[in-house]
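Let me begin by presenting the structure, written as structure tokens, before commenting on it.
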2 protein chains.
Amino acid sequence: MAKKAEQRRKQILKAAFQAATEKGYESVTLQDIADYADVSKGVTNYYFKNKSDVFTQLFEWITTRIYEKEAASISEQETAIGKLEAYIDRVFISPEENKNFYRVYLDFLSQVKNNDSYKEINQKFYENCWSIGREIIQQGLEEEIFEVDDVEQTVISIRCMIDGSLIQWLMRDDDRLHDYYRNACYESILQILRYKK
Amino acid sequence: MAKKAEQRRKQILKAAFQAATEKGYESVTLQDIADYADVSKGVTNYYFKNKSDVFTQLFEWITTRIYEKEAASISEQETAIGKLEAYIDRVFISPEENKNFYRVYLDFLSQVKNNDSYKEINQKFYENCWSIGREIIQQGLEEEIFEVDDVEQTVISIRCMIDGSLIQWLMRDDDRLHDYYRNACYESILQILRYKK
DNA sequence: CAATTTATTTTGACCAGTCAGTATAAAAGA
DNA sequence: TCTTTTATACTGACTGGTCAAAATAAATTG
């Protein structure tokens with residue numbers, strides 16, 4: 001029972017994500033979501049309070065999932081450089097996936113100013129991202145291959161570099177530049193970490 | 001006549017900007033814009049083809065203005081470090097101004113996927129930003145205080161760092177962190193430029 | 001097991017409200 | 001007067017959310 005309800009919920013969230021990548025947050029209607037999910041309009045209102053509720057749960061879901069995958073990727077690696085490379089590889093996963101996520105994420109960010117729960121969800125996402133940065137830096141300090149003045153400032157800068165790169169890449173709308181931006185991002189982060197050797 | 005028309009146009013664009021900072025791109029109505037400009041709805045339709053036309057011209061106007069101010073700031077300086085500091089000071093101009101611009105800018109970015117003229121305007125803005133980066137780097141190379149492998153990649157990374165910093169700062173919604181993010185951004189850029197001494 | 005009742009899920013028509021864009025009227029200026 | 005500019009009224013399209021009724025599944029009972 002609860003299992004089927006959960007399945008429906010996920011089905012609707014996926015439909016909302018797909019609709020948002022194609023039409024953008026604001027212009028997606030409840031009808032669009034229902035169409036993408038292949039259900040009638042009433043179903044969405046049956047499982048969610050309203051449109052904002054759908055997107056709150058969607059953002060929570062995708063930001064959590066992304067963090068979990070990133071965290072899993074770096075924990076498989078032992079060395080600082082291994083962790084950093086795994087992180088960058090996971091973040092720049094593919095043009096297709098990056099495009100889908102960042103399109104919706106940009107919409108989400110532009111809504112943060114109007115919606116406190118969105119702000120909270122994003123804050124939590126940032127904290128998760130920073131914790132990944134922290135793990136990489138600490139490993140690098142132990143190995144004595146990084147040199148940073150302030151760990152907290154550096155984890156923040158790393159996330160700035162990643163988001164800035166993917167947003168700029170997305171705006172240029174050229175899949176061939178994906179590798180170029182990954183590389184630029186990776187090398188800049190190494191500079192920020194004063195990577196030795 | 002033409003002068004008064006130009007004045008009205010600017011008045012409406014300013015009103016659209018103010019409306020967009022407060023309500024967000026999508027939810028701003030033509031009525032809102034007219035209200036903020038203290039004119040009737042007919043005026044907006046008289047001077048602009050439609051809502052999209054208003055925002056296209058607004059986007060073009062503000063990105064051009066920002067570039068011109070940034071370019072003016074760095075050209076006053078002779079040294080590479082002077083130019084870089086002037087650039088960062090201009091970019092991180094004040095919590096208030098950064099908030100207003102980046103709120104609207106984020107809305108614009110999230111619309112780029114649906115609107116080719118927005119994409120073009122943003123592309124032009126990026127190119128202007130890169131040209132500023134180029135000027136700073138070249139000065140630094142002449143002074144032999146910077147060391148970069150690839151100038152083009154570095155100007156891109158600098159812009160990633162700036163946008164990433166201001167977006168992350170904006171999302172955290174704490175004016176007291178403005179200085180902190182400016183500093184983090186500045187120091188990271190120095191690292192990326194391998195600043196010597 | 002089968003019939004019947006109850007609970008859950010789904011449907012789509014509907015409503016009240018909003019908006020962009022248009023048409024028209026009024027005013028101002030040349 | 002005639003053209004330009006501004007104000008107001010209107011229209012048609014669309015939206016989020018409601019709701020009563022239908023369909024389906026689960027539980028109960030004889």
Value in whole Å for how far the [atom2] atom of [N] lies from [atom1] of [X]:
X	N	atom1	atom2	value
A:Q7	C:dT8	CD	P	19 Å
B:D53	C:dG21	CG	P	10 Å
B:Y46	C:dA23	OH	C1'	16 Å
B:D35	C:dC19	CG	C1'	14 Å
B:K51	C:dC19	NZ	C1'	8 Å
A:I33	C:dG12	CD1	P	18 Å
A:I12	C:dT11	CD1	P	10 Å
B:K23	C:dT18	NZ	P	12 Å

Subject >> First of A:N50 and B:S40 reached from the 5' end of DNA chain D, by closest nucleotide >> reply: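 The answer here is B:S40.
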**OP:** Between A:G42 and A:V28, just flag the one whose closest nucleotide in DNA chain D comes earlier from the 5' side.
**Re:** A:V28
When all nucleic acid strands are considered with a 4.0 Å heavy-atom cut-off, which category describes [X]: base, sugar-phosphate, or nothing?
X	answer
A:F48	nothing
A:V43	base
B:V54	nothing

Subject >> Approximate separation, where rounding is to 0.5 Å, of A:E147 CD and A:K196 NZ >> reply: 4.0 Å
Original post:
Any N or O donor-acceptor pair linking the side chain of B:K41 to the base of D:dA7 at under 3.5 Å?
Top reply: no
**OP:** Check B:R172, B:R176, B:H178 against B:D174 for a side chain to side chain donor-acceptor pair (under 3.5 Å) and give me the one that passes.
**Re:**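 Of all the options given, the one that passes is B:R176.
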Original post:
In this structure, which one of B:D175, B:T21, B:D173 forms a side chain to side chain donor-acceptor pair (under 3.5 Å) with B:K99?
Top reply: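 Passing option: B:D175.
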**OP:** Give a yes or no on this: more than 12 heavy atoms of other residues, nucleotides or ligands lie within 6.0 Å of atom NZ of A:K51.
**Re:** yes
Subject >> Side chain to side chain, B:L193 and B:I137, heavy atoms closer than 4.5 Å >> reply: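 Yes, close enough: below the 4.5 Å cut-off.
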Original post:
Would you say a side-chain N or O of B:Y47 is under 4.0 Å from OP1 or OP2 of D:dT5?
Top reply: no
